[in-house]
There are 2 protein chains.
Amino acid sequence: MLSQIAASEDLVFFRPHQFLTREHDRPEALYDILEGWACRHRLLPDGRRQITALYLPGDLCDPMWSLAPTCHEPVIALTNVRATRKSLVDPSTIDRHKGFSSRLAESVERQSNWLVSLGRKTAVERLAHLLLELFERMRRAGLAYGQQCALPLTQTDIADATGLTAVHVNRTLQSMRSKGVLELHSKWLRIPDLGALRDLAALGPHDAL
Amino acid sequence: MLSQIAASEDLVFFRPHQFLTREHDRPEALYDILEGWACRHRLLPDGRRQITALYLPGDLCDPMWSLAPTCHEPVIALTNVRATRKSLVDPSTIDRHKGFSSRLAESVERQSNWLVSLGRKTAVERLAHLLLELFERMRRAGLAYGQQCALPLTQTDIADATGLTAVHVNRTLQSMRSKGVLELHSKWLRIPDLGALRDLAALGPHDAL
DNA sequence: CGCATCTTTGATCTGACTCAAACGCCGTGG
DNA sequence: CCACGGCGTTTGAGTCAGATCAAAGATGCG
């Protein structure tokens, strides 16, 4: 019995670019991310890439897997990742997971926000929105220090999440930096004025992150 | 007891532009759509609009509502809508609903597809993708007749779903018509060659709709 | 030190947007 | 029956945000 418990919830590690799941896999476990970042994405036949979700410390990767038999998009680590495996074969470890369905709801809500961003927002608005969201998630995970947090994404990653090109992300970030609404160097994000960045993000007054 | 049952699942009707739910509502019922189309959308402060989901006959509106206490986006009827109300207060009507979690999974999967579309696809690809998806959904609902089906969206609706402008949708549809890959007049869609349209949609060989 | 990855810069191009107006369709009311 | 107004579609001309192509600096790691 003890070995059972150990097998159904244990520590795993991933290196950057390593797959947590491949396309068309039948995931038999969820990952509770303790440290590091990962993303889910899709590749078009000609190489265009779109990141469809980011997983941060504290996130469950991925809540959807408990509903669908197969996952349709690969998930890869962006940094070194340390996580605990929650076996799906033994469903009790899932059901017992605190706030499970609210995590699912949150992640779907975020997808909806991204949809609006990609469909209708400008480059500045998309970047403001994304960085605000990531900062807020890091803050909730207890990983923000004052107005700053780690942000281990390359500009190419940011481009693939926001539906822009890396070149344009670079230029847009520069102009935002020069306006003083954010600082971002060597994988650290600092937001001097949350409110100012919020205004740039074209969020409704009621929209949470 | 009989009156209880009647109250927890009954017929409702909506007219075009009428709200099925408003923003920040606490939905206390799901709608099983029998006839007509509806959509969920979001309005930015300056009037830009993005449709984040379309509900067709046979769809449940909205599976998410059983997970989250409040809904963050309004849902409105696009045509006359006839639906049955599944009370959320009496959860038994939900749990008993056949394939409930698979419907939720489907709708999230679709959101992911839209995300890729809005983030990385051209106008032609987005339109091909959307029309293909809608045709396929109508077909599964038993509402396609050969290679055609009803499509009661205005070009403005299509624009708000694909993240384009109505003018550009108009011009792009014209060029697609002239190439013979689709016919679309007076709310009817005909797809002479599914395969040809699929190629235009930049889908991977494994992507379902 | 050397190679790979990431960031930055410059020049040019284009898909999609904007603005504006005309046209068609249809239901309504005189 | 027709005039009217509202909505959706179509067309044209001009503009712009963001893409593309190319190359030069940084940065970092084995």
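What you see is a predicted model; the values in this text were computed from it and never measured. Letters go in sequence order (proteins before strands), and every chain restarts at 1. Note: hydrogens, waters and symmetry copies are ignored here, and every other heavy atom, side chains too, is used.
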A.B. asks: For B:Trp188 and B:Tyr145, take the angle between the two ring planes, folded into 0 to 90°, and tell me which bin it lands in: parallel under 30, tilted 30 to 60, perpendicular over 60.
C.D. replies: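 Tilted: the ring planes of B:Trp188 and B:Tyr145 meet at 30° to 60°.
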
A.B. asks: Below 4.0 angstrom from OP1 or OP2 of C:dT18, is there any side-chain N or O of B:Arg48?
C.D. replies: no

A.B. asks: I want to verify a distance call: between D:dT9, C:dC17, C:dT18, whose nearest atom is closest to the B:Val167 side chain?
C.D. replies: C:dT18

A.B. asks: Would you indicate, yes or no, if D:dC7 has its OP1 or OP2 atom less than 4.0 angstrom from a side-chain nitrogen or oxygen of B:Gln155?
C.D. replies: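 Indeed not, no polar side-chain atom of B:Gln155 lies that close.
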
A.B. asks: Decide if atom CZ of B:Arg177 counts as having more than 12 heavy atoms of other residues, nucleotides or ligands within a radius under 6.0 Å.
C.D. replies: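 More than 12 heavy atoms, drawn from other residues, nucleotides or ligands, come within 6.0 Å of this atom.
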
A.B. asks: Could you state the CG-P distance from A:Leu173 to C:dT7, rounded to the nearest angstrom?
C.D. replies: 10 Å

A.B. asks: Between D:dT10 and B:Asn170, is there an OP1 or OP2 to side-chain N/O distance shorter than 4.0 Å?
C.D. replies: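 For D:dT10, OP1 or OP2 has a side-chain N or O of B:Asn170 closer than 4.0 Å.
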
A.B. asks: B:Leu164 has an atom CG; how far is it from atom P of C:dT18, in whole Å?
C.D. replies: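 So the two atoms are 11 Å apart, to the nearest Å.
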
A.B. asks: What is the distance, to the nearest angstrom, from the CG atom on B:Leu184 to the C1' atom on D:dG8?
C.D. replies: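 Those two atoms, CG and C1', are 13 Å apart.
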
A.B. asks: Would you kindly give the CG-to-C1' distance between A:Asp160 and C:dC6, to the nearest whole Å?
C.D. replies: 14 Å

A.B. asks: Under the 3.5 angstrom rule, does the side chain of B:Arg126 hit a backbone N or O of B:Thr162 as a donor-acceptor pair?
C.D. replies: yes

A.B. asks: Once you round to the nearest 0.5 Å, how far does CG of A:Leu153 lie from NZ of A:Lys187?
C.D. replies: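 Nearest 0.5 Å value for the CG-NZ distance: 7.5 Å.
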
A.B. asks: Ignoring backbone atoms, test whether A:Gln174 places a side-chain nitrogen or oxygen under 4.0 Å from the OP1 or OP2 oxygen of C:dT7.
C.D. replies: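 For C:dT7, OP1/OP2 do not have a side-chain N/O of A:Gln174 under 4.0 Å.
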
A.B. asks: Separation of B:His168 atom NE2 from C:dC19 atom P, in whole Å?
C.D. replies: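 After rounding, the gap between these two atoms is 17 Å.
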
A.B. asks: Between C:dG15 atom C1' and B:Leu127 atom CG, what is the distance in whole Å?
C.D. replies: 13 Å

A.B. asks: Using a heavy-atom cut-off of 4.0 Å across all strands, would you classify A:Thr165 as base, sugar-phosphate, or nothing?
C.D. replies: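 Here A:Thr165 touches the bases of the nucleic acid.
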
A.B. asks: Between B:Trp65 and B:Tyr31, how do the two ring planes meet: parallel, tilted or perpendicular, split at 30° and 60°?
C.D. replies: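 The arrangement is perpendicular - the two ring planes meet at more than 60°.
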
A.B. asks: Can you measure B:His17 atom NE2 to D:dG6 atom C1' for me and round it to whole angstrom units?
C.D. replies: 12 Å

A.B. asks: Would B:Asp157 and B:Arg49 pass as an ion pair if we require N to O under 4.0 Å?
C.D. replies: yes

A.B. asks: Is the closest basic N to carboxylate O distance between A:Arg103 and A:Glu106 below 4.0 Å?
C.D. replies: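 The answer is no: the pair does not qualify as a salt bridge.
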
A.B. asks: When you measure from every atom of DNA chain D, which of residues 115-125 of chain B have a heavy atom less than 4.0 Å away?
C.D. replies: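 Within this stretch, nothing sits under 4.0 Å of the strand.
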
A.B. asks: Checking contacts here: which listed nucleotide (D:dT9, C:dT8, C:dC6) is nearest the side-chain heavy atoms of A:Lys187?
C.D. replies: C:dC6

A.B. asks: Give the rounded distance in Å between these two atoms: CZ of B:Arg171 and C1' of D:dT10.
C.D. replies: 9 Å

